[in-house]
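What you see is a predicted model; the values in this text were computed from it and never measured. Throughout, residue positions are numbered sequentially from 1 according to the sequence presented.
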Amino acid sequence: MENKFENIPKELFEFAQLDEVLHDKKMETKARGFFADALLRFKKNRSSVVAAWIIGFLILFAIISPITSPYTIKDKDVIYQNYPPYIEGMAEKGSSIFNGGKVLASQNEQSLDKWHAIGKETGMDPVIGIRGTEEVESKHRGQTRITKYYKLELNQYYAVGIRTQTFSYEEFADIQRFQNETGIQVIYPWVEAKDIAGIDNDPSIWYQVSDAKGTPVKDENGNWIPAYSSNSAIEGAPYNSQRIEGDPGTWIYSVRKSGAVSARFCYYNYYIYKNGHVPRYLFGTNVMGQDLFMAIGVGARFSLLFALVVSTINLFIGAIYGAVQGYYGGKIDMIMDRVADVLSGLPFIVCVTLFQKHLANQVGAVGSFLFAFVLTGWIGMSALVRKQFYRFKGQEYVLAARTLGASDKRLMFKHIFPNSLGTIITSCALVIPSVINSETNMTYLGIVNLSEFAGTTIGTLMSQGQSVATTSPHAMVFPAIFISLLLISFNLFGNGLRDAFNPSTRGMED
């Protein structure tokens, strides 16, 4: 049988390093720590990275929106309540998002005339566009009538039109000064009810009408005929300001009433006089007449800060409680575990309700709410820390430290606890959305009212928006979108941290 190794050269069997002195070579790759490795693995989880960016954006929104908004949480407009998003000039640019528009159906000819008449008088036509028409046949005394109805999109801020209000003499004079300085017409000529067929409940009717329905009387050119009063018998306050176009100098601008003066005024321009700027509501307004853009930021600030405080307190209590349980074990663990079991059986919603009823008077609504979270919130953290201590307390490095004389306190918090930090951080990241969700639910249901302390909350805004969800959906949609993005992003972020800090995947490459 042929030997296949007999033709191998002899020099191949000589020692390659026979006379050399060998040394350990320096590692060419850089050492990677636990947290650096976790960060590297976290970056590979795209959904968690996107969630982290979204969380950052929402936190930035909560910080910036109350600062950039021209309003504060105390600014409440009694007229512009539940009004849609509005930025001046968007209606003229054809935008349908921030034009303050709302679609109204079944508007007859008289209504269409009235909306256009507001624009004629104030220079701000509320009719953005006609979205549809419908002709309805009806019979009256044997004759067939065809009534035309319109589906109109109206700028709600312009549609307020003219209103009637009683002013003090000082404010009436101050408005006149404002008109002279800015050229913005706030006060409009007075109209007597007898001159508009007795229609005294609609200050926007400034033109002659033929009936109580508001059918306008027009001249041969199709123009409205003004019904402004020139009755010299009417006693009004002195008016030394600009007059509207076409005023012959005899139209009356106010009527004295019991030490004050009543006048017709354009609310949009009056708003500019009172606030120093035009209405600017990026997200619209809520039922309180507050800027929703600012209110969401204020509510989000409170939710985030409250969740961080609750998570920090629960981490502190749970870490100490769980560390003692896991380190000593035995009877101590059993007794402490039974205490935790008793507290965990308390229904959270019952605790919140009772504390709000009996404890809020002493420590305030926020204090009692915080106590309800802390009463049982640390139990999950303590169970997690306890599990980690049972896992690590028998490791060789702990036994070596004990042999060298390390105290129990040093073993617990210098050797065991740091090795559990990754899991604990992950748990804290998942506790934050849980607290925010619970806080939102409690304020949404009205069990807890934090508006006096926080100004408002996301849950309160959603509760207010629910009552007008069909007519003003923005009041419900914007807070709901914010809280949904926040909770989903925090959960994805927490899941990414959990996978990144999982020791079983350390060093693994995709």
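In this structure, the side chain of His474 engages the main chain of Tyr83 through a donor-acceptor pair within 3.5 Å. A side-chain donor-acceptor contact under 3.5 Å links Ser438 to the backbone of Ser434. Between the side chain of Ser368 and the backbone N or O of Ala365, at least one donor-acceptor pair lies under 3.5 Å. At least one donor-acceptor pair closer than 3.5 Å links the side chain of Lys393 to the backbone N or O of Gly326. Asn82 places a side-chain N or O within donor-acceptor distance of the main-chain N or O of Val287, the cut-off being under 3.5 Å. The backbone N or O of Val186 sits less than 3.5 Å from a side-chain atom of Gln179, completing a donor-acceptor pair. A distance-only check finds no donor-acceptor pair linking the side chain of Ser69 to the backbone of Ser65 [under 3.5 Å]. Distance alone, capped at 3.5 Å, is enough to place a donor-acceptor pair between the Asp75 side chain and the Thr72 backbone. In this structure, the side chain of Arg301 engages the main chain of Ala62 through a donor-acceptor pair within 3.5 Å. Glu153 contributes no side-chain N or O that, together with a main-chain N or O of Gly129, makes up a donor-acceptor pair within less than 3.5 Å.
Between atom CG of residue Leu399 and atom CG of residue Leu404 there is a gap of 11.0 Å, rounded to the nearest 0.5 Å. Atom OG1 of Thr353 and atom CD1 of Ile447 lie 4.5 Å apart (nearest 0.5 Å). Of the inter-residue distances, the one linking Tyr321 atom OH with Asn314 atom CG reads 14.0 Å to the nearest 0.5 angstrom. The distance from the CG atom of Asp408 to the CZ atom of Arg410 is 13.0 Å, given to the nearest 0.5 Å. Between atom CG of residue Asn286 and atom OG1 of residue Thr456 there is a gap of 7.0 Å, rounded to the nearest 0.5 Å. Atoms CG and CD1, from Asn441 and Ile436 in turn, are 12.0 Å apart once rounded to the nearest 0.5 Å.
Thr443 and Gly459 make their closest contact through OG1-CA, 3.3 Å (heavy atoms, listed as atom of the first residue, atom of the second, distance). In this structure, Val468 and Ala475 approach most closely via the heavy-atom pair CG2-CB, 4.2 Å. Nearest heavy atom pair, residue Asn491 against residue Pro433, reads ND2-CB, 4.2 Å. Between Ser311 and Val431, the shortest heavy-atom contact is OG-CG1, 3.5 Å. Here the closest non-hydrogen pair linking Asn45 and Gly496 is ND2-CA, 3.8 Å. Scanning all heavy atoms of the two residues, the minimum distance from Val435 to Ala307 falls at CG1-CA, 3.7 Å.
The shortest distance between side-chain heavy atoms of Ile458 and Ile296 falls below 4.5 Å. Residues Tyr158 and Asp125 have side chains not in contact (no heavy-atom distance under 4.5 Å, counting atoms from C-beta outward). Two residues are said to be in side-chain contact when any heavy atoms from C-beta on lie closer than 4.5 Å; Phe373 and Ile313 fail this criterion. Side-chain contact check for Ile175 versus Glu171: some heavy-atom pair is nearer than 4.5 Å. Within the 4.5 Å cutoff, no side-chain heavy atoms of Asp77 are placed close to those of Thr285. Residues Thr122 and Ile162 meet the side-chain proximity criterion, which asks for heavy atoms closer than 4.5 Å. Counting heavy atoms from C-beta on, the side chains of Ile128 and Leu154 never come closer than 4.5 Å. Side-chain contact between Phe98 and Leu282: present, with at least one pair of heavy atoms (C-beta onward) separated by less than 4.5 Å.
If you look at Tyr80 and Tyr157, their ring centroids are closer than 6.0 Å. Between Tyr273 and Tyr270, the distance separating the two ring centers is shorter than 6.0 angstrom. In this structure, Tyr328 has its ring center no closer than 6.0 Å to that of Phe389. Here Phe306 and Phe369 bring their ring centres to under 6.0 angstrom of each other.
Annotation: Arg163, atom CZ; neighbour count of heavy atoms from other residues, nucleotides and ligands within 6.0 Å does not exceed 12. Atom CZ of Arg338 sits in a crowded spot, with more than 12 heavy atoms from other residues, nucleotides or ligands closer than 6.0 Å. With a 6.0 Å radius and a threshold of 12 heavy atoms from other residues, nucleotides or ligands, Gln362 has its CD atom above the threshold. Summarising the local packing, CZ of Phe413 is surrounded by more than 12 heavy atoms from other residues, nucleotides or ligands at distances under 6.0 Å. The local environment of OH in Tyr397 is crowded, with over 12 non-hydrogen atoms from other residues, nucleotides or ligands closer than 6.0 Å.
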Are Ser427 and Met381 close enough, and set up right, to give a side-chain contact (heavy atoms from CB on, under 4.5 Å), and what steps lead you there? CA-CA 7 Å; Ser427 179; Met381 182 63 67; 3.7 Å; yes
If you apply the rule side chain to side chain donor-acceptor pair (under 3.5 Å), what do you find for Gln466 with Tyr444, and how did you get there? CA-CA 10 Å; Gln466 183 189 20; Tyr444 174 79; 3.0 Å; yes
Let me see the working for Met336 and Ser382 under side-chain contact (heavy atoms from CB on, under 4.5 Å), right down to the final yes or no. CA-CA 10 Å; Met336 296 178 72; Ser382 68; over 6 Å; no
Working note: Met442 + Leu450, criterion side-chain contact (heavy atoms from CB on, under 4.5 Å); need CA distance, chi angles, decisive distance, verdict. CA-CA 10 Å; Met442 294 298 103; Leu450 304 175; over 6 Å; no
One pair to check against side-chain contact (heavy atoms from CB on, under 4.5 Å): Gln290 and Ile73. What are the steps and the verdict? CA-CA 7 Å; Gln290 297 168 317; Ile73 200 66; 3.8 Å; yes
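Partner Phe283 forms a ring pair (Phe, Tyr, Trp, His ring centres under 6.0 Å) with one of Tyr86, Phe478, Tyr71, Phe482 and no other, that one being Phe478.
The aromatic rings of His277 and Tyr271 sit perpendicular, their planes meeting at an angle over 60°, well past the 30° parallel limit.
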